[in-house]
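To keep things clear, I will list the structure first and then write my remarks on it.
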Protein chains: 2
Amino acid sequence: MKLYSKHSRYLVAVDCIIFGYDIFDKEIKLLLVKRSFEPAKGKWSLEGGFVEESESLDEAAHRILRNLTGLDIIYLKQSYSYGEINRDPGARVISVAYFALIPIMDINKELAEQNGAQWRSIARLPDLIFDHSEMVKKSLTDLQNQIKIKPIGFELLPEKFTLVQLQDLYEAIYQRKVDKRNFRKKILSMEILEKLDEKERETSKKGAFYYKFNKDRYEILKQNGFYFNLDVN
Amino acid sequence: MKLYSKHSRYLVAVDCIIFGYDIFDKEIKLLLVKRSFEPAKGKWSLEGGFVEESESLDEAAHRILRNLTGLDIIYLKQSYSYGEINRDPGARVISVAYFALIPIMDINKELAEQNGAQWRSIARLPDLIFDHSEMVKKSLTDLQNQIKIKPIGFELLPEKFTLVQLQDLYEAIYQRKVDKRNFRKKILSMEILEKLDEKERETSKKGAFYYKFNKDRYEILKQNGFYFNLDVN
DNA sequence: CCAAAAGTGTTCGAATTACACCCATGA
DNA sequence: TCATGGGTGTAATTCGAACACTTTTGG
């Protein structure tokens, strides 16, 4: 005899809020898809999918993300679960939202295109199906709060980046200007960035030195009680 | 024809991590129950229940908490969802954990007793079923982090409390001593506490003034950009 | 009158803010 | 040579940490 048999069962989905950052137009973007099935076919949506019997929630999120982007090792964390009765008009679906950060250039473009995915600026989002706008709103707030206290900004940048690019990213997320000297002083004083010999030369004549994030060093510092903080004026 | 019909459905449960604070023995406690059904009947467990078709996740959490404690208006927030395949040996169950704070004296004692519930110090927790220890651990970390930056400590205290009691609560959660003068200076400077004329006279001859949290005032300050912070040495 | 808990200020160092000019280079 | 964006330091202020004695009163 099956246990718990008198209780109802539900469809469980995972929806991914996938953030990217465009270093050229200096905007935070979301990877959105045109939904390919009913209900709401053809409407803009977060990428999602139903949880299979053979996988955990985390595994489902990874599968969904991998299928859309071709990427496997990415920043992906559970965000929040949505369980209003009629949130999906097709059936009762409980959806677990996942929050992903990826370097915008790293996605497999063909794969994304096949799936009808596009990067859309968060400043000009289309209407999204169901409660997806709410999911995005919550995730954006989380991003703004987390980036102050965790070194997750680097997940949105290429491996090599300039301090100007890093600052532009923070300004895009905070939606305000920050003081250049104070920003640099603070990030450099943490000693978690490695200055490279190479310069980025597309955007200026002088060129700007590339840096990269030293994750190992960060982990060691963290073990010793260090707290990342880039909540600068 | 039903939409999404080819996908599997799952039992969805809500489990409540219910924190209380005992002002006498100065310990954080959890309201635990002895499980009354198989599997793991008789083992210690978080209070939980399956989500009904007629209710959202939040509503299920409220129902479960109300049934156990008799309390309706309490601090209750979604925490995290747990979806490992074999986390519950009875069946595949996806569980959404909820985090509750209640003044320990406010529960309906008969109701709690009927349900086999007891307050247990987090310093001496029994073994818990399934992944409930993991849920507790995460919630405790969340509590430690949240109480620094949100005025949620008051949810664990009676309406009237002394500054000593408030400080003891913080020390119990932080698991370390804090400086009395700095603590008082900081909390009083926020101007969100109201000093009452009445004194608490059980624990000292001199007596300590009662205070109460002025939630309305806090909300106004927050609207004006104020951030609660009680991350004191 | 004394033990026990409540209550109270000041000083020092660190961190945060505000702020403006020089540098390097390609066109 | 000059326009463009990259890079740098200091002073003033605020905030956090450390620290010890006085007050009250019931027994």
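Labels below follow one simple rule: chain letters A, B, ... track the order of the sequence lines, proteins then strands, and each chain is numbered from 1.
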Next on the checklist: Does the protein touch nucleotides 15-23 of chain D at the base, only the backbone, or not at all? Give it as B, S and - per nucleotide, heavy atoms under 4.0 Å.
Outcome noted: -SBBBB--B
Checklist entry - For B:Glu202 and D:dT25, what is the distance between atoms CD and P respectively, to the nearest whole Å? => result 16 Å
Checklist outcome for this item: From CZ of A:Arg201 across to C1' of D:dG6 the rounded distance in Å is 11 Å
Checklist entry - First contact, last contact: which nucleotides of DNA chain C are these for chain A, 5' to 3', heavy-atom distance under 4.0 Å? => result C:dT16 to C:dG26
Checklist entry - Is A:Glu194 paired with A:Arg217 through a side-chain N to carboxylate O contact shorter than 4.0 Å? => result no
Next on the checklist: With a 4.5 Å cut-off on side-chain heavy atoms, are B:Ile17 and B:Leu143 touching?
Outcome noted: no
Next on the checklist: Between A:Glu219 and A:Lys215, is there a side-chain heavy-atom distance shorter than 4.5 Å?
Outcome noted: yes
Checklist entry - Among all residues two or more places apart in sequence or in another chain, which pass the ring-ring contact (aromatic ring centres under 6.0 Å, His included) test with B:Phe209? => result none
Checklist entry - In terms of side-chain heavy atoms of A:Lys205, which of D:dG7, D:dT4, D:dT25 is nearest? => result D:dT4
Checklist entry - Starting at the 5' end of DNA chain D and moving along, which residue's nearest nucleotide shows up first, B:Lys199 or A:Tyr211? => result A:Tyr211
Next on the checklist: Here's one to test your reading of the geometry: is the NZ or CZ of A:Lys212 within 45 degrees of the ring axis of A:Tyr210 and under 6.0 Å from its centre?
Outcome noted: no
Item to check | Option from B:Tyr21, B:Phe213, B:Tyr218 for which ring-ring contact (aromatic ring centres under 6.0 Å, His included) with B:Phe154 holds | outcome: B:Phe213
Next on the checklist: Once you apply a heavy-atom cut-off of 4.0 Å, does B:Thr162 come out as touching a base, just sugar-phosphate, or nothing?
Outcome noted: nothing
Item to check | Trace of the side chain to side chain donor-acceptor pair (under 3.5 Å) decision for B:Gln114 with B:Glu110 | outcome: CA-CA 6 Å; B:Gln114 280 166 34; B:Glu110 298 80 57; over 6 Å; no
Next on the checklist: Check whether A:Gln144 reaches the backbone of A:Ile173 with its side chain - one donor and one acceptor, N or O, closer than 3.5 Å.
Outcome noted: yes
